[in-house]
Amino acid sequence: MIGRVKKLFNTVFLIEIGKGLALTLRTMLKPAVTRQYPREKRKPFAGSRGLHAMRRDDSGQKERCIGCGLCEAVCPADAITVITAEGPDHEKIVSSYELNLLRCVFCGFCIDACPVSAIQMTPEFELACTSRKDAFYTKERLVKIGDKYMGGKG
Amino acid sequence: MTEQSKLITAVIDGKQVTVAAGTMILKAAESIGITIPVFCYHPRLTISGSCRMCLVEIEGGSKPVTACSTELAAGVVVYTNTPTVLEARREIMENLLINHPLDCPVCDKGGECLLQDHAYDWGPGASRFTERKRLFRKPIPLSDRILLDRERCILCTRCVRFCDEISDHRELAILEMGGNSEIAVAPDRAFDSQFSGNTVELCPVGALTSTSFRFKARPWEMARLPGICPFCGCGCSIDIHTRSGNIMRFMARENPAVDDGWLCDRGRYGFDLSGGSERLTKPLVRKQGRLVAVSWKEAIATAVEKLRRAVSQYGPGAVGGIGSAWSSSEENDLLQRLIRESLESHNVDCSLTDDGRPAALALAEGLGTFTFNDIDRADSILMIGADPSRYQPILDLRLKKAVITRRTPIFTLASTDGEMARYARESLRYRAGSEESLLRLLTAAVKKEKRYDSFESDLRAGGLSREAIDRGLERAGLGPRTVVLVNASLLTDDVRVYLVKELVAAMGAGASTGLLFDSANGFGARTAGAVPGYLPGLRPIDRGMSGPEMVVAAERSTLKALYILNREHHDSAAVARARRGAELLICHALFLDEASGSGDIVFPAASVFEKQGTFTNTAGLAQSTAPVLNPPGEARPESTVIEEIMERLKQ
């Protein structure tokens, strides 16, 4: 009985609508939370896992990667392909390092696996591209990203 | 002998074990499933006892003993996992790791390394060594194929022992002493053994690496598929390691009936020959004098039409087929069916340069019965014209094993210098071409006949005499349990086959004979019927032209069409001669070289790693292989092409 009276009261005096409008009015007076992407960009959090980068070795001449293939082995998405060869001085050289971002799940296991911390992740999250080819990051492209985020240092 | 076969009982880790007296603790433990870590111990090498990793404790003993080199005594109680043993292993590991570099990420052995595995299982976890590690310039080439990283070496001496005991080439040694010890090629020697690759496989760490595999792949990235080495008549068992459609390396797969777990370098590093970007990928048909790439449909239709026309115009006798001693038995069988059944010709052989029939006759006459294990049991060995060191390297290791471990007397008769002459009790040289006289003289000598004057003059010119042969026979003690090894390419006519048969019969009932083929399937091509006069299973049939006869007939244009299954590297001249007169030359080829490029229809073939097939080795052991790669482009296994042509010829 009481419930039915209460429902009738609410219906007649538009109580629910009033409550909703009150929330709207309150929000109107608060500062806006929507970011105007891409004009406005979010500041990345520390440790955020974005695009990969390759650091340079201590000489600064070439990539730090030693071609052990552990990132390739640990990658759950099969996104990394490392091909190595023997250099002129019988040393191991990385003839090709390829990261397929179309497969990458940004788990960061490759970074954990790397014994020389050659591969790192940057806060870079804008990865859209217009062709599949652009999603393949070669050693040279990764080193360039490293230069951008780590200032070319080891 | 009675002492040897006596059984003893002891206890290892609380489990009772009964083994023959004289068994080492390590082997006894293995027999009941207890694994003891080792570095220097290898079941096929002598015991060195130098790494000390296999220390175990014996109840009542004063200190741990090495399990690999201590005989199990009756009634003793052995422990393999007491705190003392574990402590000993930890200390051995710590000592080994003092000078071992931490370069596992770039070491090719990483992932299949005994040191890595044992460090993980038994190592101390941390090192107390804070001084500088021993450093060497790395790596140093031991040969064109093998490189040595001295700082990775743990001086187990497996490689040295292999060279001393198995290949008996003795090229490797330990130089310097104590902490400066290092493996090196012995002074004034070159590490050019045809078995050098085995040392890389034996190396428990990454000290020895091969140039063909160095830094190319990590062990865990590769698929491992069993296969048969296709590069000589031995047919050794191999593991083929592939990564993304490429063969990376061959590893030995122990097969006591063939290879004893070893491989020769020709087999181990031969896979480079099969690859390359030069491969033929599309069928080619000659149009207006030029080879043009066409579809398979068109190529096969052209082949069918031209073969049909050749038969109807000139008769079946004007068509011939050449199988191959390097192709599988299935392919050879299909080729002889194409020629004999579909085209009703008898002109089938397995080589352009040699008549395949006499060796087939020899097999049909019951020669070629030996197995590799016969050599381990033989009382003596007679080798005629054979040079296994060059043509059947794994057989060479078998023979050396017999000489070294059993002092089996060998009597070699050869026209060229061979390595086996060094191991022979007696070795004689004959002049090439005088084989028939030699066989007659040998048979007369075995039978102790006096009648040999008629052919002795022939042999005298080659420096052989009855006296020398008598002496050889006496010193080698040839008798009923002799293995006679005959180079199959000496059997150029039927007379020689019957002479060999007579010789073996004269030896006695138990003698076994081996025909040594230098091709992967010389035996199988013949039993598959790709020879004049024999159907599969060596059932006789009308005899057509042999390979060399077909070449002559084609040159004179009496043979009009020639179908070549698989070319050999030395038959380009024969192909060129046949080309001069033949109207139709059909061939399957991996590469487009001068000879295959002279064909009218060229089918892109699949390499031996890209198709299924059975290969019968020189000891008559048939072994099947499965494909490990895909053929490039539109290349197809030969068998499917021949089958399709046969099908279309029926319509």
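When reading the values below, keep in mind they use all heavy atoms of this one structure, side chains included, and skip hydrogens, waters and symmetry mates. Convention: sequence-line order gives letters A, B, ...; per-chain numbering from 1. Everything numeric here is computed off the predicted structure, so don't read it as measured data.
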Quick check on [X]: does its [atom1] atom have over 12 non-hydrogen neighbours (other residues, nucleotides or ligands) under 6.0 Å away?
X        : atom1 : result
A/Lys6   : NZ    : no
A/Leu29  : CG    : yes
B/Asp121 : CG    : yes
B/Leu102 : CG    : no
A/Tyr37  : OH    : yes
B/Tyr120 : OH    : no
A/Lys144 : NZ    : no

Closest non-hydrogen atom pair between B/Pro139 and A/His90, with its separation: CD-CB, 3.3 Å
Closest non-hydrogen atom pair, B/Val106 against A/Ile66: CG1-O, 3.4 Å
Close side-chain approach of A/Thr84 to B/Lys216, heavy-atom, < 4.5 Å: no
Note, A/Ile83 side chain near B/Arg243 side chain (heavy atom, < 4.5 Å):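 Counting from C-beta outward, A/Ile83 and B/Arg243 do come under 4.5 Å.
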Contacting moiety of A/Glu72, where chain B heavy atoms sit under 4.5 Å: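 Looking at A/Glu72, just its side chain touches chain B.
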Residue A/Ala85 versus chain B: region with a heavy atom under 4.5 Å: backbone
Sidechain-backbone polar pair: B/Arg214 side chain, A/Glu86 backbone, donor-acceptor under 3.5 Å: no
Spacing of B/Trp220 atom CH2 and A/Leu70 atom CG [to the nearest 0.5 Å]: 5.0 Å
Residues in residues 109-119 of chain A near chain B [non-hydrogen atoms, under 4.5 Å]: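 The stretch touches chain B at A/Pro115.
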A/Ser131: partners by side-chain contact (heavy atoms from CB on, under 4.5 Å), with sequence neighbours left out: A/Lys133, A/Asp134
